[in-house]
Amino acid sequence: GTRITPSILEQGGDYPAIAYMIIDEAPVNSLTSYSGLTRYAVLIECSARTYDEARAIYRAVLDRMAVKTSAFSALRESGSGADNFDEALRLHRVGALFGVWYRDQ
């Protein structure tokens with residue numbers, strides 16, 4: 001199975017893994033009407049057994065989120081980065097909040 005999952009990771013699952021959660025969704029308006037864009041606030045968290053592995057996965061996420069297309073753009077929210085260690089699960093976690101803009105097709 002995939003190791004990129006919505007919301008939270010399964011306990012005892014395979015690692016490294018990525019979890020994402022959509023925190024907010026809002027249409028983007030121009031001065032006169034809806035612009036065709038929707039902005040999402042997305043929390044992305046990379047989990048691994050070692051800190052170096054969690055950071056490496058996180059850097060790969062940053063690289064991928066930096067790719068812009070005609071329908072997609074994302075920016076890491078300033079000051080939103082967080083590193084932590086889950087003592088109970090023995091997992092290192094690295095994550096951040098992203099602003100994601102998506103053009104409706």
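None of these values were measured; they are calculated from a predicted model.
Residues Arg39 and Glu77 are paired through a salt bridge, judged by an N-O separation under 4.0 Å between the basic side chain and the carboxylate. The pair Asp83-Arg55 meets the salt-bridge criterion, since a charged nitrogen lies less than 4.0 angstrom from a carboxylate oxygen.
Put simply, the residue from Phe85, Tyr51, Tyr15 that forms a side-chain contact (heavy atoms from CB on, under 4.5 Å) with Leu91 is Tyr15.
The distance from the CZ atom of Arg103 to the OG atom of Ser70 is 8.0 Å, given to the nearest 0.5 Å. Expressed to the nearest 0.5 Å, how far OH of Tyr40 lies from CD of Glu25 amounts to 4.0 Å. Here Leu97 contributes atom CG and Asp24 contributes atom CG; the two are 9.5 Å apart, rounded to the nearest 0.5 Å. Taking CZ of Arg59 as the start and SG of Cys46 as the end, the distance is 10.5 Å to the nearest 0.5 Å. Summarising the geometry, atom CD1 belonging to Ile22 is positioned 10.0 Å from atom CD1 belonging to Ile44; distances are rounded to the nearest 0.5 Å. Atom-to-atom distance recorded for Ile18:CD1 and Tyr20:OH is 11.0 Å, nearest 0.5 angstrom.
Between Arg93 and Asp86, some side-chain heavy-atom pair lies under the 4.5 Å cut-off.
Considering every non-hydrogen atom in both Asn29 and Tyr34, the closest pair reads OD1-CA, 3.4 Å. Between Arg49 and His92, the shortest heavy-atom distance links the atoms O-CD2, 3.2 Å. Contact between Ala48 and Pro16 at its shortest, heavy atoms only, is CB-CB, 4.0 Å. Contact detail for Lys68 and Ala74: the closest heavy-atom pair is NZ-O, 4.1 Å.
Grouping Ile, Leu, Val, Met, Phe, Trp and Tyr by side-chain contacts under 4.5 Å, direct or through others, puts Leu37 with Val28, Leu75, Trp101.
Scanning for side chain to side chain donor-acceptor pair (under 3.5 Å) contacts around Arg76 gives Tyr58, with sequence neighbours left out.
Note on Ile23 and Val100: separate hydrophobic clusters, where clusters join Ile, Leu, Val, Met, Phe, Trp and Tyr whose side-chain heavy atoms are under 4.5 Å apart, directly or indirectly. One hydrophobic cluster, built from ILVMFWY side chains closer than 4.5 Å, holds both Tyr102 and Met65.
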